[in-house]
Undergrad: 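Dropping a structure here in structure tokens format, bear with me for questions.
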Amino acid sequence: MNSQTANPRAIKVIGHRNPDTDSICSAIAYSHLKNILDPEHPCKPCRAGLLNRETEFVLNYFKVPVPQLYTDVSPHIRDIDIRPAPGVDGETSLRRAWMTMRDQELDTLCIVDEEQNLKGVITVKDVATANMDGMDPHVLEIAKTSYQNLLDILDGTVLVGDITGKTVEGRLIIGAGSAEQIEKSISPGDIVIVSNRAESQLAALEMDAGCIVVCASSKVSRTIQMLAEEKGCIVISTPKSTYVTGLMLSQAAPIRHYMTTRSLLTFTLHTPVEEATKVMATVRFRYFPVLDDDGRYIGVVSRRNMLNLHRKQLILVDHNEKSQAVEGIDQAEVLEIIDHHRIGSMETDGPVYFRNVPVGCTCTIVYQMYRENAVDIDPTTAGLLLSAILSDTLMFRSPTCTPMDERAARELAELAGVDLEQYADTMFEHGGDVSGKTAAEVFNGDYKIFTSGDIRFGVGQGSYMTEKNRKAAQALIGPYLPEALSKQQLDYIFYMFTDVRNSSTQLLMSGSGAEELVGKAFGVRVEAGIAVLPGVVSRKKQMIPLLINAIKLEQE
């Protein structure tokens with residue numbers, strides 16, 4: 001089974017934060033089903049948090065890759081239409097750069113090296129400024145301009161010399177006036193613009209000019225060419241007039257000489273659109289370079305591109321409360337919700353497909369959808385669906401478990417080719433092992449936040465087959481609860497340490513008034529910060545409703 005896709009804009013099927021086995025397995029199995037039924041709209045399974053140890057075991061057992069992590073689904077630069085404007089070589093002439101900007105209707109060019117690493121940017125304003133300040137006869141020399149650039153902008157032809165790898169090493173001189181005047185103005189290495197006057201050409205050669213540019217396609221005598229070759233002077237012929245040549249030659253300077261290299265404003269594919277928009281509002285640039293994950297240039301974006309935003313499309317599984325959803329859900333487009341919990345606070349922009357069934361596990365609903373659509377369930381998918389049902393129903397011990405859950409699980413066990421009871425024991429044993437884990441990792445293994453009126457509270461749960469694993473987890477998480485309460489700015493935190501075999505829970509808690517609240521909700525006495533709750537194994541059916549009722553009574 002491979003329901004994942006490389007399409008970056010594929011519909012993301014994602015569960016709640018701090019995902020449990022049902023959240024992960026339902027995302028994978030439902031993505032697979034959607035891709036079979038509607039391949040034109042590819043889906044990919046995702047996760048909103050780190051995997052717990054039980055889920056790691058399940059994915060490893062059935063050799064399924066871990067879904068891609070998305071901790072934030074708010075729009076990023078990768079979600080807009082990036083303009084694939086090619087990067088340009090820093091040796092490109094000013095004139096060629098301007099022509100590229102004109103033809104592509106761009107006011108910014110990005111200068112890159114052979115590996116597409118960004119070296120700098122140049123704007124229309126930079127080109128205009130360079131042209132207006134182009135009165136310095138030394139500009140081509142200072143910019144180390146290649147002779148190839150001269151040849152390019154003049155549509156020239158080399159009559160004498162080899163320009164390969166050579167750069168300008170002198171001033172730019174207009175060879176007008178008498179031969180005597182020309183001789184006085186030329187220094188060795190200068191580039192001299194001349195007409196068809198042989199005496200001007202000869203004067204430039206006698207003063208050791210580095211190059212003479214003969215305009216208007218004028219003839220150059222064999223004698224002049226031989227003398228130029230003898231002196232190592234390059235001779236270039238151009239069809240352009242002396243006037244035009246004089247104007248254009250300064251435009252041969254390479255853009256690397258004028259480009260901006262410091263404090264470049266760049267974005268990556270992962271830059272949030274909100275952040276990029278704020279940056280754009282602070283400067284006058286119109287286009288901004290975008291770099292890929294390897295830091296290489298791939299294109300540009302502008303303010304106008306922000307209008308063509310492609311919001312991430314989501315299918316939510318195993319939750320429908322905003323407090324449990326991935327960060328940035330308000331800025332994404334929710335297409336479907338598949339869940340088995342109470343209907344919470346999720347709002348959508350428009351109507352969505354919402355399937356909420358009172359069964360023990362989301363994967364039971366996904367199993368039903370496979371059967372309804374007459375899609376065969378392969379052994380790997382069967383194993384994932386089975387694992388989630390066993391996990392959520394505590395192997396049919398939870399009061400949330402329905403006959404539908406058990407029937408589905410037993411059929412899926414046959415399809416997956418596993419012994420149900422033996423596999424369940426092994427899965428729970430791996431899930432309960434906290435060795436090598438930090439308190440935060442164990443705490444977030446299966447943890448959700450709920451809201452009742454103005455009260456926000458978190459409830460976590462760990463399910464254990466052995467007392468040894470349960471006590472180890474309890475010792476690890478207990479001291480961590482006050483810290484988690486402060487970090488998450490909640491009113492209360494409750495954590496269920498559930499003994500699967502004996503169908504009971506030891507409840508730890510944190511928060512001002514938490515012990516009194518638990519005492520009222522369950523009619524028990526809290527001792528040393530622990531409430532023993534025989535028969536309580538379900539967070540959804542036995543824990544949350546009673547806590548919310550107790551909170552409401554306190555608020556009345």
Side-chain angles (χ1 to χ4, degrees), residues 1-4 13 15 19-37 43 45 51-67 317-318 338-340 355 357-433 446 463-466 498 500-501 503 537-538 540-541:
M1 180 192 69
N2 184 11
S3 59
Q4 301 201 45
V13 184
D20 58 6
T21 300
D22 187 27
S23 176
I24 296 296
C25 291
S26 58
I28 298 172
Y30 193 55
S31 295
H32 184 52
L33 177 63
K34 294 289 290 185
N35 287 333
I36 292 172
L37 298 176
C43 293
L51 300 183
N52 62 36
R53 191 156 279 181
E54 178 187 276
T55 310
E56 288 177 348
F57 165 78
V58 171
L59 297 186
N60 287 333
Y61 188 93
F62 292 104
K63 296 180 174 55
V64 176
V66 176
V317 293
D318 198 32
I338 313 296
D339 192 23
H340 68 125
R355 182 157 177 162
V357 183
V359 290
C361 179
T362 305
C363 276
T364 301
I365 306 172
V366 177
Y367 162 82
Q368 292 173 335
M369 299 174 81
Y370 270 85
R371 290 298 182 231
E372 292 164 4
N373 289 281
V375 175
D376 291 336
I377 302 176
D378 62 83
T380 300
T381 302
L384 296 179
L385 294 172
L386 168 66
S387 301
I389 295 173
L390 292 174
S391 177
D392 261 23
T393 67
L394 298 179
M395 204 171 70
F396 319 133
R397 291 176 173 86
S398 172
T400 62
C401 183
T402 68
M404 182 66 218
D405 295 300
E406 187 166 354
R407 283 197 303 271
R410 297 201 180 280
E411 180 184 336
L412 290 165
E414 291 185 12
L415 292 173
V418 299
D419 179 277
L420 188 148
E421 283 76 13
Q422 185 178 1
Y423 174 74
D425 285 348
T426 306
M427 183 185 76
F428 282 118
E429 184 66 26
H430 278 81
D433 181 13
D446 184 2
S463 301
Y464 304 94
M465 293 295 289
T466 67
T498 300
V500 176
R501 292 190 184 278
S503 297
V537 295
S538 170
K540 180 178 72 171
K541 197 166 186 176

Undergrad: Could you grab the distance from atom CG of Asp446 to atom CG of Asp20, nearest 0.5 Å is fine?
TA: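 Here the interatomic distance stands at 4.5 Å.
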Undergrad: Can you measure from CG (Asp425) to CE (Met395) and round to the nearest 0.5 angstrom?
TA: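 Taking CG in Asp425 and CE in Met395, the distance rounds to 5.5 Å.
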Undergrad: Just by modelled atom types, is the Ala27 backbone N or O under 3.5 Å from a matching donor or acceptor in the Ser31 side chain?
TA: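 Present.
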Undergrad: Side chains of Ser398 and Asp392, heavy atoms from C-beta outward: is any pair under 4.5 Å?
TA: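 They are not in side-chain contact.
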Undergrad: Kindly compute the distance separating CD (Glu54) from CD (Glu429), expressed to the nearest 0.5 Å.
TA: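 Glu54 CD to Glu429 CD: 11.5 Å, rounded to 0.5 Å.
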Undergrad: Just by distance, with hydrogens left out, do Thr364 and Asp405 show a side-chain donor and acceptor under 3.5 Å apart?
TA: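 A donor-acceptor contact under 3.5 Å links the two side chains.
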Undergrad: Test of understanding: with side-chain hydrogen bond (donor to acceptor under 3.5 Å, both in side chains), list the residues that count as partners of Thr55, not counting sequence neighbours.
TA: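 side-chain hydrogen bond (donor to acceptor under 3.5 Å, both in side chains) list for Thr55, sorted by chain: Thr21, Asn52.
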Undergrad: How close do His32 and Asp378 get, heavy atom to heavy atom, and via which atoms?
TA: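 Answer, listing the atom of His32 first, then Asp378: NE2-OD2, 3.4 Å.
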Undergrad: One pair to check against side chain to side chain contact (heavy atoms under 4.5 Å, CB included): Leu420 and Phe396. What are the steps and the verdict?
TA: CA-CA 11 Å; Leu420 188 148; Phe396 319 133; 3.9 Å; yes
Undergrad: Mind checking salt bridge (Lys or Arg N to Asp or Glu O under 4.0 Å) for Arg53 and listing every partner two or more places apart, or none if nothing turns up?
TA: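 Arg53 satisfies salt bridge (Lys or Arg N to Asp or Glu O under 4.0 Å) with Asp433 only.
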Undergrad: Taking all non-hydrogen atoms of both residues into account, name the closest pair between Ala382 and Leu415 and its distance.
TA: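 Answer, listing the atom of Ala382 first, then Leu415: CB-CB, 3.6 Å.
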Undergrad: Show your reasoning for whether side chain to side chain contact (heavy atoms under 4.5 Å, CB included) applies to Ile338 and Tyr30.
TA: CA-CA 9 Å; Ile338 313 296; Tyr30 193 55; 4.0 Å; yes
Undergrad: Can you list the residues that meet the side chain to side chain contact (heavy atoms under 4.5 Å, CB included) rule with Glu372, with sequence neighbours excluded?
TA: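 Only Arg355, Gln368, Met369 meet the side chain to side chain contact (heavy atoms under 4.5 Å, CB included) criterion with Glu372.
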Undergrad: For Phe62, check ring pair (Phe, Tyr, Trp, His ring centres under 6.0 Å) against everything at least two apart and list the hits.
TA: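 Partners of Phe62 under the ring pair (Phe, Tyr, Trp, His ring centres under 6.0 Å) test: Tyr423.
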Undergrad: Indicate yes or no: at least one non-hydrogen side-chain atom of Glu56 is less than 4.5 angstrom from one of His430.
TA: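 Heavy-atom side-chain distance check fails, nothing below 4.5 Å.
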Undergrad: Who passes salt bridge (Lys or Arg N to Asp or Glu O under 4.0 Å) against Glu421, sequence neighbours left out?
TA: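 Glu421 satisfies salt bridge (Lys or Arg N to Asp or Glu O under 4.0 Å) with Arg410 only.
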Undergrad: Does a side-chain heavy-atom distance below 4.5 Å link Thr426 with Phe57?
TA: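 SC-SC contact between Thr426 and Phe57 confirmed.
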Undergrad: Verify, without hydrogens or angle tests, whether Lys540 (side chain) and His340 (backbone) share a donor-acceptor contact under 3.5 angstrom.
TA: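 Answer holds: yes.
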Undergrad: State which residues pass salt bridge (Lys or Arg N to Asp or Glu O under 4.0 Å) with Glu411; sequence neighbours excluded, sorted by chain then number.
TA: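 Residues passing salt bridge (Lys or Arg N to Asp or Glu O under 4.0 Å) with Glu411: Arg371.
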Undergrad: Does any non-hydrogen side-chain atom of Val500 lie less than 4.5 Å from one of Val537?
TA: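 Sidechains of Val500 and Val537: no contact.
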Undergrad: Can you tell me how far the OG1 atom of Thr362 sits from the CG atom of Asp22, to the nearest 0.5 Å?
TA: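 So the gap between those two atoms works out to 4.0 Å.
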Undergrad: Just how far is it from atom OG of Ser387 to atom CG of Leu59, taken to the nearest 0.5 Å?
TA: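 Here the rounded value is 8.5 Å.
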Undergrad: Check Asn35 against Cys43 and note the closest heavy-atom contact, atom names and distance.
TA: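 Heavy-atom minimum between the residues: OD1-N, 2.7 Å.
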Undergrad: For residues Met427 and Leu390, determine if any side-chain heavy atom of one lies less than 4.5 Å from a side-chain heavy atom of the other.
TA: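 A side-chain contact exists here, since the closest heavy-atom pair is under 4.5 Å.
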Undergrad: For Thr381 and Tyr370, which heavy atoms make the closest approach, and how far apart are they?
TA: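 In this case the closest contact between Thr381 and Tyr370 is CG2-OH, 3.6 Å.
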Undergrad: Of all heavy-atom pairs between Val366 and Ser26, which one has the smallest distance, and what is that distance?
TA: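 Reported closest heavy-atom pair: CG2-CB, 4.3 Å.
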Undergrad: Go through Tyr367 and Leu412 one step at a time and tell me if the side chain to side chain contact (heavy atoms under 4.5 Å, CB included) criterion holds.
TA: CA-CA 9 Å; Tyr367 162 82; Leu412 290 165; 3.9 Å; yes
Undergrad: Surrounding CG of Asp419 (heavy atoms of other residues, nucleotides or ligands, distance under 6.0 Å), is the total greater than 12?
TA: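 More than 12 within 6.0 Å, yes.
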Undergrad: Report the distance from atom CD1 of Ile24 to atom SG of Cys363, rounding to the nearest 0.5 Å.
TA: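 Interatomic distance, Ile24 CD1 to Cys363 SG, rounded to 0.5 Å: 10.5 Å.
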Undergrad: Under 3.5 Å, is there a donor-acceptor pair between the side chain of Lys541 and the main chain of Pro399?
TA: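 Checking the backbone N and O of Pro399 against the side chain of Lys541, a donor-acceptor pair under 3.5 Å is found.
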Undergrad: The test is side chain to side chain contact (heavy atoms under 4.5 Å, CB included); show your working for Asp339 and Val317 and say whether it passes.
TA: CA-CA 6 Å; Asp339 192 23; Val317 293; over 6 Å; no
